[in-house]
**Student:** 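One structure is given below, represented as structure tokens, and several questions about it will come after.
Note on naming: letters A, B, ... go to the chains in the order of the sequence lines (proteins, then strands), and numbering restarts at 1 for each one.
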Number of protein chains: 2
Amino acid sequence: MTRASARNVPEVTPLWLKLSSYLILKDEEKDYLSDLEKNIVRQTARTDLLQQGEKYRDVRVMREGWAIRHKALPDGRRQVVNFVLPGDIIGMYSTLFESADHSVTTLTAVEVACFPPERIVELFQSFPRLAAALAWSGAREEAIVAERLLSLGRRTALERTAHLIVELLRRLSTVNLVENGHFTLPVTQEILADALGLSIVHINRTLRRLRDSGLIELNGQRITVNDVRQLASVGQFDELYLHLIRAPKRLERAFSGDRRARSGDDKVEGRKM
Amino acid sequence: MTRASARNVPEVTPLWLKLSSYLILKDEEKDYLSDLEKNIVRQTARTDLLQQGEKYRDVRVMREGWAIRHKALPDGRRQVVNFVLPGDIIGMYSTLFESADHSVTTLTAVEVACFPPERIVELFQSFPRLAAALAWSGAREEAIVAERLLSLGRRTALERTAHLIVELLRRLSTVNLVENGHFTLPVTQEILADALGLSIVHINRTLRRLRDSGLIELNGQRITVNDVRQLASVGQFDELYLHLIRAPKRLERAFSGDRRARSGDDKVEGRKM
DNA sequence: TATGCCCTTTAACCTATGTTGTAGCCCCAC
DNA sequence: GTGGGGCTACAACATAGGTTAAAGGGCATA
């Protein structure tokens, strides 16, 4: 609760880091972000941060720990939509949407910052660069969900599983949570099954195949990827969708007014299939 | 090309309508939107508006017609991520992302407006309310993709198909493209299959079951839904995720400075599972 | 009127994945 | 330590959905 520091030395948080890959943050922007995160709350594992169907509450920023975003059918079948990692925002659109169409549940103990949804509006009004960076990071999240859709629709169980492992590896390594090819996966096989649209038994079979082929090792929650390249090739993994190549400078330039002609006569393209 | 009208009488476009459900647009915002859409281009059916892997080009606004957003694996397997309908934006994040992780292909002849990506940055700087409305409509699109993920992961072929038909019915009726329960579906069974993660043969079987049970009728591209309630119940359709209940007034209020206390002492919640 | 292409339809067969059931392990509570 | 709950593991069997193949309809072009 007292961890947020005074304005003169803003703390570097995961959100801060994430937005930095889109923008070179100005001092007042850093101050604003650190102010947003000043109300810090801890929650234990297996707690709902948001429940499908309820009215939206505060906006939350994940600072530490893992959670899942998931949706359920009335009869209990469940789909994990995405993993929520440090720096991710929960319920950013609370101001506008009536009620939540998904739940968010912690997998580990977590530390989140809470603030009222009105502050997002404030942010759009007063910090357009931050607003753009947030909107962009939201778009990146959508890209991840779309890629998972491709997995569920068109990849086999083995491919899907390999793909997810590589995805998590890549996402976690951008926040320095991977060391020597191994990382902590605080996830039961049931959750993996729900993320990949498989049964728990089949996820078990599939992990076994991956272990037998020597591509990965599993010890409790520790997963070791022995051969990323080959695992990526099994999963037909193409990291384009993670949009890891970011261009803070390009956005900087755009924001500093170096704008091209606003003429309406852009070239016309579009080619036949 | 000459259809965009002069500033004094801005044309009501689908984008305009869509944003109006989030905001009560001011005159200068209407003018700006109409200026954005002044460069209008037509394309025939089966043309790519964007190709996976290529550098992003212009931002486009769909004004008329249908398209699909889809992703493909190297071996040709393909997944349709979403249907692009009038008012939707294509490539909104061109400024930041290096290259496209999906393709967009027209299904019918379309009319789109094109503008350079820099204008999105301009919009964030000068029209924060429009920026917020756009960001929110992007979030709604993500919600649709997440719901489709639930379908592919956890619904049976019959449920998925019923669900998609009801979804399209609801989305199209908000833009007055449904009449008496029937609408035009400019889509081959192959595309349906790619949207639902099924084989073309199985989509055919499934449509047959829906027709045999009397829930729908198909004549060419005309689909008639005879019993929406029952179809919705087959598909376990809950329209929460479409976020059709919008609250322009709530957003208006937030933007006009009627903001609550910014104190940091929001209630702490979170309940055990 | 004929030709061909694209799309739909159906049948027969196949396989990836789901289901059910049982067992063992580990860890925590008592 | 003992019991129980949650998780992993794996075998045996069931089935939804995939694959292959072939025929037929509609529509444009010649």
**Student:** Rounded to the nearest 0.5 Å, how far does NE2 of A:His163 lie from CG of A:Asp238?
**Tutor:**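 So the gap between those two atoms works out to 8.0 Å.
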**Student:** Hydrogens and angles aside, do A:Arg205 and A:His202 bring a side-chain donor and acceptor to less than 3.5 Å of each other?
**Tutor:**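 Yes.
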**Student:** Any salt bridge between A:Arg77 and A:Asp75, counting N to O under 4.0 Å?
**Tutor:**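 Yes.
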**Student:** Is B:Thr188 touching bases, backbone alone, or none of the nucleic acid, heavy atoms closer than 4.0 Å?
**Tutor:**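 Sugar-phosphate contact only.
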**Student:** Do A:Glu147 and A:Arg170 sit within salt-bridge range, that is, some charged N less than 4.0 Å from a carboxylate O?
**Tutor:**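 Looking at A:Arg170 together with A:Glu147, the answer is no, because their closest N to O distance does not fall below 4.0 Å.
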**Student:** Does a donor on one side chain sit under 3.5 Å from an acceptor on the other, for B:Glu37 and B:Thr13?
**Tutor:**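 Yes, side-chain donor-acceptor contact under 3.5 Å.
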**Student:** Remember a base hit wins even if backbone is also touched, and classify A:Gly197 as base, sugar-phosphate or nothing at under 4.0 Å, heavy atoms.
**Tutor:**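 Counting heavy atoms under 4.0 Å across all strands, the contact made by A:Gly197 is with sugar-phosphate only.
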**Student:** Give the first and the last nucleotide of DNA chain D, reading 5' to 3', that has any atom under 4.0 Å from a heavy atom of chain A.
**Tutor:**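 Answer, 5' to 3': D:dC7 to D:dA12.
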**Student:** Do the side chains of A:Glu141 and A:Asn82 get nearer than 4.5 Å, heavy atoms only?
**Tutor:**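 They are in side-chain contact.
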**Student:** Determine the interplanar angle of the A:Tyr56 and A:Phe97 rings, folded into 0 to 90°, and report it as parallel if under 30°, tilted if 30 to 60°, perpendicular if over 60°.
**Tutor:**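 The arrangement is tilted - the two ring planes meet at 30° to 60°.
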**Student:** So, A:His182 and A:Arg222: side-chain donor and acceptor under 3.5 Å apart, yes or no?
**Tutor:**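 On atom types as modelled, these side chains qualify, holding a pair under 3.5 Å.
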**Student:** Between protein and nucleotides 25-30 of chain C, map the contacts as a letter string: B base, S sugar-phosphate only, - none, heavy atoms under 4.0 Å, written 5' to 3'.
**Tutor:** ------
**Student:** Under 3.5 Å, which N/O atoms of the protein pair with N/O atoms of nucleotides 9-16 of chain C?
**Tutor:**
unit_1	atom_1	unit_2	atom_2	d
C:dT9	OP2	B:Gln189	NE2	2.6
C:dT9	OP2	B:Asn204	ND2	3.1
C:dT10	OP1	B:Arg208	NE	3.4
C:dT10	OP1	B:Arg208	NH2	3.4
C:dT10	OP2	B:Arg208	NE	2.4
C:dA12	N6	B:Arg205	NH1	3.4

**Student:** What integer distance in Å separates B:Gln221:CD from C:dC7:P?
**Tutor:**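 Those two atoms, CD and P, are 11 Å apart.
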**Student:** Is it true that A:Asp88 and A:Arg171 make a salt bridge, defined as a side-chain N closer than 4.0 Å to a carboxylate O?
**Tutor:**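 The answer is yes: the pair qualifies as a salt bridge.
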**Student:** Against A:Tyr241, only a single residue in A:Arg140, A:Glu142, A:Glu167, A:Arg148 fulfils side chain to side chain donor-acceptor pair (under 3.5 Å); can you say which?
**Tutor:**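 It is A:Glu167; the other options fail the test.
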